[in-house]
Amino acid sequence: MEAAGGPAVAMDGYPSPVPAFLTKLWTLVGDPETNHLICWSPNGTSFHVRDQGRFAKEVLPKYFKHNNMASFVRQLNMYGFRKVVSIEQGGLVKPDRDDTEFQHLCFLRGHEHLLEHIKRKVGPLLPAQLQPLFPSQPQPQSQP
Amino acid sequence: MEAAGGPAVAMDGYPSPVPAFLTKLWTLVGDPETNHLICWSPNGTSFHVRDQGRFAKEVLPKYFKHNNMASFVRQLNMYGFRKVVSIEQGGLVKPDRDDTEFQHLCFLRGHEHLLEHIKRKVGPLLPAQLQPLFPSQPQPQSQP
Amino acid sequence: MEAAGGPAVAMDGYPSPVPAFLTKLWTLVGDPETNHLICWSPNGTSFHVRDQGRFAKEVLPKYFKHNNMASFVRQLNMYGFRKVVSIEQGGLVKPDRDDTEFQHLCFLRGHEHLLEHIKRKVGPLLPAQLQPLFPSQPQPQSQP
DNA sequence: TCCGTTCTAGAATATTCGCTT
DNA sequence: GAAGCGAATATTCTAGAACGG
């Protein structure tokens with residue numbers, strides 16, 4: 001598809017665009033102005049959202065056309081991000097710390113070019129893709 | 001403001017079959033507050049938008065998550081509305097009046113119930129229609 | 001095709017004409033009289049349109065036979081220009097500062113001769129693709 | 001034939017709601 | 001109960017198509 005290490009370039013000469021959500025997320029996480037609400041994890045392999053309420057109402061509408069945490073999470077899932085469940089959060093001790101962590105293998109601090117490898121999940125699956133349309137019909141190639 | 005993308009909810013709590021765009025458009029056209037920018041035609045079979053620039057920047061963001069006339073027109077076309085081209089606008093006489101008219105057979109003043117007959121056009125072509133069901137790549141066992 | 005760096009010259013010896021839209025656009029962007037509404041980007045690799053409403057009504061009719069931003073954008077796309085999207089836009093608050101940016105790889109300040117490389121897109125459906133070049137039915141009256 | 005203007009549609013991402021696991 | 005997903009509408013950018021010059 002593309003040369004390793006180089007920017008993806010389409011046939012028309014323009015670079016393959018990274019979806020707006022990913023560039024905004026990258027900016028958002030790294031922005032020192034909002035690091036108290038969203039920031040990289042110490043080792044730069046995931047990011048944290050603190051105080052969902054304030055994050056949703058104060059930060060999200062500056063980058064997106066909504067102010068809902070749920071919509072933000074839906075986008076994260078659409079791009080393959082997964083919530084990181086820590087022992088503390090998953091344990092019996094109720095975490096009163098409003099801290100949510102998300103992760104993606106290609107979302108790493110200092111490696112912005114890896115964003116090009118994060119692909120948005122494509123639309124709905126078709127019934128034709130789930131089962132053969134004509135099961136009784138033999139394949140055209142299969143001829144002894 | 002109503003949530004974009006979600007189904008409209010009537011006062012009884014049950015989902016209305018009319019998409020949010022249509023109910024908003026209905027309110028928008030009939031609202032006396034904005035009749036100087038968008039209003040019914042005299043006979044109530046179409047509506048006019050005057051001064052696209054002001055309409056887009058002042059009225060649209062109060063109902064939608066954007067302020068672009070083009071996005072508004074795209075939605076109108078998605079729901080089957082057609083632009084009404086008058087002789088005056090198409091003629092040689094330069095119409096400096098910024099006046100755009102749209103029409104739909106089921107968008108009639110005083111007949112809000114007809115909105116239920118306006119259907120949004122379905123999405124793009126299905127992937128199964130874009131690629132052959134039986135690709136032309138030959139099987140390995142094919143021998144000349 | 002043509003010598004690198006030199007003007008495009010057809011076989012008949014005349015220079016290949018640049019469509020009117022491109023020369024007008026070049027003049028338009030560089031004209032100091034209208035730099036408050038349309039101007040080069042600082043590095044000269046793209047151009048900005050500010051205040052679409054005023055630009056459409058005041059500037060466009062001085063160069064073209066219309067005053068619609070949509071028609072201007074259609075032409076830009078016909079010639080391969082792409083809109084440049086910034087992450088600043090798309091927010092819910094402070095909708096935007098009405099700034100649209102377009103770019104073409106061969107539309108560079110100080111390199112007017114590159115305009116000759118910008119080609120208008122041609123219709124996708126060619127008549128030759130709709131019917132066989134050599135029909136099986138020979139014409140009776142075919143004469144050399 | 002090619003270019004210009006207009007109106008509409010395609011295609012991809014974005015936002016929301018409800019369901020599933 | 002919550003994380004993830006399907007589906008419908010919404011928003012954006014680009015292209016198709018018709019018509020005329």
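Residue numbers start from 1 in every chain, and the chains themselves are labelled A, B, ... in the order their sequence lines are given, proteins ahead of strands. The figures here come from the full heavy-atom set of this structure, side chains too, leaving out hydrogens, waters and symmetry mates.
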Verify the contact: side-chain N or O of [X] to OP1 or OP2 of [N], cut-off strictly under 4.0 Å; return yes or no.
X       : N      : value
C:Tyr79 : D:dC3  : no
A:Asn68 : D:dT16 : yes
A:His66 : D:dT16 : yes
A:Lys83 : E:dA2  : no
C:Lys65 : D:dG4  : no

Report the distance from atom [atom1] of [X] to atom [atom2] of [N], rounded to the nearest whole Å.
X        : N     : atom1 : atom2 : value
A:Gln52  : E:dA2 : CD    : P     : 11 Å
C:Ile118 : D:dC3 : CD1   : P     : 13 Å
B:His104 : D:dC7 : NE2   : P     : 18 Å
A:Met78  : E:dC5 : CE    : C1'   : 9 Å

Open item on the list: Students often get this wrong, so: under 4.0 angstrom with heavy atoms, is C:Ala20 touching a base, only sugar-phosphate, or nothing?
Closed with: sugar-phosphate
Base, sugar-phosphate alone, or nothing: which one does A:Arg74 contact when heavy atoms must sit under 4.0 Å apart? base
Quiz item: More 5' along DNA chain E: C:Phe102 or B:Phe21, using each one's nearest nucleotide?
Solution: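 Upstream on the strand: B:Phe21.
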Given Watson-Crick and G-U pairs under 3.5 Å, DNA chain D in dot-bracket ([ ] crossing, | other strand) is .||||||||||||||||||||
Can you check whether B:Ile118's main-chain N or O pairs, donor with acceptor, with B:His104's side chain at less than 3.5 Å?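 Between the backbone of B:Ile118 and the side chain of B:His104 there is no qualifying donor-acceptor contact (under 3.5 Å).
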*Using only heavy-atom distances, decide whether a donor-acceptor pair under 3.5 angstrom links the side-chain of A:Arg120 to the base of D:dA14.*
yes
| said: Check this for me: does any side-chain nitrogen of one of A:Asp98 and A:Arg54 sit under 4.0 Å from a carboxylate oxygen of the other? | reply: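 No.
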